[in-house]
Number of protein chains: 2
Amino acid sequence: MYCNKINYSTELVKTRFSIALHIMTLLSMYDNDWLSSTLIASSLNMNPVLVRKEIATLKEGGYIESKEGKNGGVRLLKTSNKILLSDIFNLIKGSDTVLSLLKNTPNPNCKVGKQINEKLASVMNTIDNAISKELQKQTLEDFKNQF
Amino acid sequence: MYCNKINYSTELVKTRFSIALHIMTLLSMYDNDWLSSTLIASSLNMNPVLVRKEIATLKEGGYIESKEGKNGGVRLLKTSNKILLSDIFNLIKGSDTVLSLLKNTPNPNCKVGKQINEKLASVMNTIDNAISKELQKQTLEDFKNQF
DNA sequence: TACAAATGTAATTATTATAATTACAGTATC
DNA sequence: GATACTGTAATTATAATAATTACATTTGTA
C-alpha cells in the first residue's frame, strides 16, 4: 500500500477534463474488463504515468477502482448512466476555476484595482456553475453511446 | 499608421478575460477620459505592453478607440450598458475554447481514440455556449456599478 | 518460488506557454 | 523641438505542462 499523496497539480489544466473523459469513456465502453494504464495511454497517445495520475483523481472521486499486480488495471465503480459529465468536471476542477485571476496583485490604491479580484472571482464562479449545470444534462453513458 | 498584425496568441489564456474585463471596467468608470496604457497597467500591476496588446483586441472588436500621441490613450466607443460581459468573453475567446483537446493525436486504431476529438470538441463548444449565455445576463455597466 | 505484468508515486528533465522587458518607429500636443 | 503617448517586433525570463526514468509494491501464474 501507498500512503503519500501524489503531488499532482490541483489546477484545472485546460486539457485535464478531456483526458478524464477519454479515460472514463474507455472504462464505460469496456466495463467488464480491467484496463491497464498502458492500454489507456495508448488510446490517448500520452504517457502512462500521466494517465495513472489522472486515474488517482478519478479514484479519489469514487468513480473507479483499481487493482494492482498482474492482470490488474482500472474499472468503473458506478454504472455509466449514474455518472454525469458534470461529476467528472467538478471532480477535475476541484477548487480551481476554468478562467482565472492574475497572479499579480492589482493596485490597492486604485478604486478598481482594490476590489477587482473579489468581483472577478464571483464572475469566475458563475462561469463554472454555468458549465456544471450544462454538463448535468449528459451522462457518461450518453457520451459513450455516441461511439 | 501601422499595418502589420501583432503576433499575440489567439489562444484563450485563462487570465485574458480577467485582464480585458479589468481594462473595460476602468474605461467605463472614467469614460470621459483617455486612459493611458501605463495608467491601466498600474491598476493591473502588469506590463504596459501586454495591456496594449489586449487593447488591440478590444479595438478590433469595436468596443474601444485609441488616440496616439501626447495626451492620448484609450476610451470606450460604446456606452457600457450596451456591452455585455459575453461580448468581451466571445471577443477574447475567438475560435478557441476554454477547455481543450490534447495536442497529441489519439490512437486512430482505437474505437474511442478514432472519434474522441470530434465528440470532445462538441462538448467544448457546449461549454463555451453555456458560459456565453450566462454572461449575457450582465452588462459592463452592471459590473462597473459594483465598485 | 521465481517471474512477469501491473499500480503507485517520487524525482528529474524537456518542452511549451505565458509574462516581462527592451527597443524603437510613429504620432499628437504643447 | 521636447514630451508623452500608441503600436509592435524581438528577445529574454519565468512558470506551467508533459514526458521520462526509476523503482518499490502488488498480484497472478508457470
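First the proteins, then the strands, lettered A, B, ... as listed; each starts at 1. Keep in mind it's a predicted model, so treat the numbers as computed, not measured.
- Between the side chains of A:D128 and A:T97, no donor-acceptor pair is found at a separation under 3.5 Å.
- Checking the phosphate oxygens (OP1, OP2) of D:dT26, no side-chain nitrogen or oxygen of A:S66 falls inside 4.0 Å.
- Rounded to an integer number of Å, the gap from A:K70 NZ to C:dA5 P is 6 Å.
- Of the candidates B:K53, B:R52, B:E54, B:S37 forms a side-chain hydrogen bond (donor to acceptor under 3.5 Å, both in side chains) with just one, namely B:R52.
- When the P atom of C:dT7 is taken as reference, atom CD of A:E65 falls 13 Å away, rounded to whole Å.
- Taking the C1' atoms of five terminal pairs at each end of the helix from C:dT1-D:dA30 to C:dC30-D:dG1, the two resulting helix axes are inclined by 0°, rounded to 10°.
- Remark: C1' of C:dT21 and CG of B:L50 are 9 Å apart, rounded to the nearest angstrom.
- Inter-residue side-chain proximity for A:F89 and B:L99 is flagged as met; some heavy-atom pair is nearer than 4.5 Å.
- The side chain of A:K59 contributes an N or O atom lying less than 4.0 Å from OP1 or OP2 of C:dG8.
- Straight-line distance from the CG atom of A:L102 to the P atom of C:dA17: 20 Å, rounded to whole Å.
- Minimum atom distance to the side chain of B:I55 is reached by D:dG7, of the listed C:dA5, D:dG7, C:dT7.
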Quiz: residues 79-88 of chain B side-chain donor-acceptor pairs under 3.5 angstrom, not counting sequence neighbours:
residue: B:T79; atom: OG1; partner: B:N81; partner atom: OD1; Å: 2.9
residue: B:D87; atom: OD2; partner: B:L84; partner atom: N; Å: 2.9

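- Residue B:V49 places its side chain closer to C:dT21 than to any other of C:dT21, D:dA22, C:dT29.
- Look at A:N104 and you won't find any side-chain N or O under 4.0 angstrom from OP1 or OP2 of C:dA19.
- Remark: P of C:dG8 and CD of A:E60 are 11 Å apart, rounded to the nearest angstrom.
- Of the N and O atoms on the side chains of A:T126 and A:N129, not one donor lies less than 3.5 Å from an acceptor on the other residue.
- Between C:dA10 and A:K53, no contact under 4.0 Å exists linking OP1 or OP2 to a side-chain N or O.
- One interatomic measurement links the two molecules: CD1 of B:I19 to C1' of C:dA17, which rounds to 14 Å at whole-angstrom precision.
- For residues 31-47 of chain A, proximity to DNA chain D is found at A:M46, A:N47, defined as any non-hydrogen atom under 4.0 angstrom from a strand atom.
- By the criterion of side-chain heavy atoms lying less than 4.5 angstrom apart, applied directly or through intervening Ile, Leu, Val, Met, Phe, Trp or Tyr residues, B:L44 is not grouped with B:V49; the two fall into different hydrophobic clusters.
- At a threshold of 4.0 angstrom between heavy atoms, the contacts of A:V74 with the nucleic acid are absent.
- Between A:R16 and A:D96 there is no salt bridge, since no side-chain N of the basic residue sits under 4.0 Å from a carboxylate O of the acidic one.
- Across the protein-nucleic acid pair, A:L58 atom CG and C:dT7 atom P stand 14 Å apart, rounded to whole Å.
- Cluster annotation: B:W34 is not connected to B:Y63 through the hydrophobic network of ILVMFWY side chains, with a link wherever side-chain heavy atoms come within less than 4.5 Å.
- Contact annotation: A:K67 does not reach the phosphate of C:dA5 (side-chain N/O to OP1 or OP2, under 4.0 Å).
- At the phosphate of D:dG7, neither OP1 nor OP2 sits under 4.0 Å from any side-chain N or O atom of B:R52.
- Just one of B:L77, B:L35, B:T57, B:L27 meets the side chain to side chain contact (heavy atoms under 4.5 Å, CB included) condition when paired with B:I64; it is B:L27.
- Between A:P106 and B:N45, every side-chain heavy-atom pair lies at or beyond the 4.5 Å cut-off.
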